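Everything below concerns the one structure shown next.
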Amino acid sequence: MKRIDIVYQKLKELDKGIGVSASDIADSLGLSRANVSSDLNRLCDEGKAVKVGTKPVLFKYVEEISNKREETSLDKFLEKNPSLFSAVEQAKAAILYPPNGMHILILGETGVGKSMFAELIHKYAIEMNRMDENSPFIIFNCADYANNPQLLVSQLFGSKKGAYTGADYDKVGLIEKADGGILFLDEVHRLPPEGQEMFFTFMDKGIFRRLGETDLERKSNVLIISATTENTDSILLKTFTRRIPMIIRLPSLRERSIDERFNLICQFIREESNKLGRQIIVSVNSMKAFLSYNCPNNIGQLKTDIQLACAKAYADFVSNKKEEIKINSIDLPQYIRNGLYMETEHRQLWNKFLEINKRYYVFDKNEENILFEKDSRKDNIYEMIDSRMHELKSMGLTGEELDKEMEKDINDYFEKYFHKVNKIIDVSDIENVVGVEIVQTVEEITEISQ
């Protein structure tokens with residue numbers, strides 16, 4: 001038997017659910033810690049073990065799946081996103097860990113795709129028969145209720161009639177609704193102190209009480225996936241890391257390879273083609289610009305910028321300004337066109353992905369399966385364009401007047417979206433300095449003055 005197999009068997013033997021250090025295994029086997037640590041890291045790469053914690057690093061074994069299965073959603077995702085190999089392997093290990101999986105904390109900048117990754121984890125759990133096909137996947141953004149702690153806690157845990165002013169009936173919380181599935185908590189660092197202890201008790205013991213209940217303990221089998229843009233040095237997240245063994249970090253767009261960015265661009269344009277049921281034609285220079293421009297809000301911004309370009313091209317098509325839904329670089333905003341003026345290294349990379357003699361790329365909904373088909377915006381931009389175009393034409397607008405009005409409406413649509421994304425401000429540090437009352441008073445004055 002090879003040494004790595006001996007190490008794996010000893011890991012299975014010693015792991016009682018909290019993990020084992022490399023030193024403990026080395027001492028038990030009489031081997032050097034360096035060799036054992038190397039073998040454990042190889043086992044992690046092979047998906048047979050997983051690292052948890054930081055100081056000290058502990059290792060947990062992962063149950064081997066004996067029967068070979070078809071390629072999963074996470075496997076398909078990984079094929080075009082190889083920089084997320086470690087994140088995908090960690091996610092698989094968390095879902096497969098007996099008996100009910102491990103809670104997960106996802107770290108990453110705004111727009112890196114944390115909610116999308118959480119949804120892929122849910123799909124994987126279903127594909128591996130760890131959850132039922134109809135198991136719930138519920139998304140909750142803690143920032144939406146950060147200034148109303150009682151309402152936030154009642155949203156999560158439910159509330160008893162009379163628990164607070166306005167609680168006129170018994171309310172079921174999201175933890176109960178997510179029973180048998182996954183509850184995804186975004187911006188989890190905004191969870192108020194009032195709810196933290198209840199939340200931690202639930203993670204530790206699987207029990208909770210609705211707000212206002214004192215004599216009844218409830219149970220719910222829920223896997224918690226939480227996400228934050230904050231680093232783990234904050235007090236709240238240190239408390240989380242002690243209870244959530246699986247911490248997954250998603251890289252920013254600038255940390256990912258250009259071929260991954262190319263795949264994302266193609267995927268997002270195909271999604272728009274799928275919504276329209278038509279081909280979308282994109283110039284090579286437009287592809288170059290999308291590949292190279294500065295995109296500080298990561299994949300979320302890239303996707304929205306591409307949708308904006310497609311929306312404008314569609315408006316030109318339905319107004320008979322263009323015969324096809326075609327995106328040319330001249331139609332793109334200046335900050336995206338700036339990608340065309342990047343350093344020589346970008347030009348060399350362009351040649352790797354884009355055919356030199358090709359002027360346009362044609363994207364069709366049928367070319368590949370859509371992985372990213374869900375959109376957080378409820379309104380369909382293309383329905384809005386059709387409706388608004390009909391309205392403006394009935395008012396007698398044509399030519400440049402029609403074009404200007406449509407461009408203004410499309411830009412307004414996306415400006416409102418970006419405003420909604422960017423208006424969430426973390427005031428926790430300010431509260432520590434000036435107090436909660438002053439922050440709330442300022443927010444009320446700001447609300448009245450708008």
Side-chain angles (χ1 to χ4, degrees), residues 17 63 72-74 90-106 114-145 149-164 167-188 190-192 194-228 239-240 243-248 374 376:
E63 262 189 329
T72 66
S73 296
L74 278 175
Q90 285 180 287
K92 288 180 177 180
I95 291 298
L96 299 176
Y97 192 78
N100 298 313
M102 289 188 284
H103 299 308
I104 300 169
L105 175 62
I106 302 177
K114 296 187 288 294
S115 60
M116 180 273 296
F117 192 69
E119 191 165 352
L120 282 174
I121 293 174
H122 179 241
K123 286 182 181 178
Y124 178 76
I126 294 172
E127 291 164 347
M128 300 303 289
N129 296 319
R130 292 301 172 119
M131 292 182 183
D132 293 336
E133 188 174 349
N134 296 320
S135 62
F137 177 78
I138 297 176
I139 299 174
F140 180 74
N141 193 319
C142 297
D144 291 343
Y145 297 90
Q150 274 190 333
L151 187 56
L152 191 154
V153 172
S154 72
Q155 288 285 334
L156 285 176
F157 297 98
S159 57
K160 186 178 180 180
K161 181 179 178 180
Y164 57 91
D168 300 325
Y169 53 88
D170 289 345
K171 180 180 181 180
V172 177
L174 296 181
I175 283 178
E176 287 180 76
K177 291 180 180 179
D179 188 22
I182 290 176
L183 175 60
F184 175 63
L185 297 179
D186 203 2
E187 304 287 342
V188 73
R190 304 297 297 274
L191 193 67
E194 291 90 330
Q196 288 177 35
E197 209 53 52
M198 294 171 69
F199 190 64
F200 294 145
T201 299
F202 173 70
M203 286 197 294
D204 289 341
K205 301 178 180 179
I207 59 174
F208 68 98
R209 290 187 175 95
R210 291 180 183 175
L211 193 64
E213 286 183 338
T214 56
D215 56 350
L216 178 63
E217 285 187 346
R218 300 176 182 271
K219 290 186 177 183
S220 184
N221 180 22
V222 179
L223 186 68
I224 302 294
I225 301 180
S226 50
T228 180
T239 311
F240 262 82
R243 288 175 166 85
I244 301 183
M246 185 58 73
I247 300 176
I248 300 174
K374 291 202 173 181
S376 60

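Throughout, residue positions are numbered sequentially from 1 according to the sequence presented. Treat the numbers as computed from the prediction; the structure is a model and nothing was measured.
The shortest non-hydrogen separation linking F184 to A118 is CD1-CB, 3.6 Å. K160 and G212 get closest at one heavy-atom pair: CD-O, 3.8 Å.
Judged as a side-chain hydrogen bond (donor to acceptor under 3.5 Å, both in side chains), and not counting sequence neighbours, the contacts of R218 are E213. Looking at residues two or more places apart in sequence or on another chain, you find a side-chain hydrogen bond (donor to acceptor under 3.5 Å, both in side chains) between D204 and R243. By the side-chain hydrogen bond (donor to acceptor under 3.5 Å, both in side chains) test, S159 is found to be paired with no residue, residues two or more places apart in sequence or in another chain being considered. Remark: H122 pairs with S135 by the side-chain hydrogen bond (donor to acceptor under 3.5 Å, both in side chains) rule, at least two apart or across chains. Every side-chain contact (heavy atoms from CB on, under 4.5 Å) that A91 has, sequence neighbours left out, goes to L74, F117, I121, I248.
Side-chain contact between R209 and F157 is absent, with no heavy atoms from C-beta onward closer than 4.5 Å. In this structure the side chain of L183 never reaches within 4.5 angstrom of the side chain of F137, judged on heavy atoms. With contacts defined as side-chain heavy-atom distances shorter than 4.5 Å, the pair L105/V188 qualifies. Counting heavy atoms from C-beta outward, S220 and F202 have side chains that approach closer than 4.5 Å. With a 4.5 Å cut-off on side-chain heavy atoms, L96 and M128 count as touching. Two residues are said to be in side-chain contact when any heavy atoms from C-beta on lie closer than 4.5 Å; I182 and M131 meet this criterion.
The backbone N or O of A143 sits less than 3.5 Å from a side-chain atom of N141, completing a donor-acceptor pair. H103 places no side-chain N or O within donor-acceptor distance of the main-chain N or O of I244, the cut-off being under 3.5 Å. Here the side chain of Q90 pairs a donor or acceptor atom with the backbone of I247 at under 3.5 angstrom.
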Which atom pairs, one a donor and one an acceptor, fall under 3.5 Å between side chains of residues 170-181 and the rest of the protein, sequence neighbours left out?
from	atom 1	to	atom 2	distance (Å)
D170	OD1	K161	N	2.8
E176	OE1	R210	NH2	3.2
E176	OE2	R210	NE	2.9
E176	OE2	R210	NH2	3.3
D179	OD1	N221	N	2.8

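There is a side-chain donor-acceptor pair under 3.5 Å between S73 and E127.
Between atom CZ of residue F208 and atom NZ of residue K219 there is a gap of 11.5 Å, rounded to the nearest 0.5 Å. Of the inter-residue distances, the one linking I95 atom CD1 with N100 atom CG reads 10.5 Å to the nearest 0.5 angstrom. I106 CD1 to K114 NZ: the interatomic distance, rounded to the nearest 0.5 Å, is 8.5 Å. Distance check: L185 CG to C142 SG gives 5.0 Å after rounding to the nearest 0.5 Å. To the nearest 0.5 Å, atom CD1 of residue I224 and atom CG of residue L156 are 8.5 Å apart. With rounding to the nearest 0.5 Å, the separation of CG in L223 from CZ in R130 is 11.5 Å.
Using cut-offs of 30° and 60° on the angle between ring planes, the pair F140 and Y145 is parallel.
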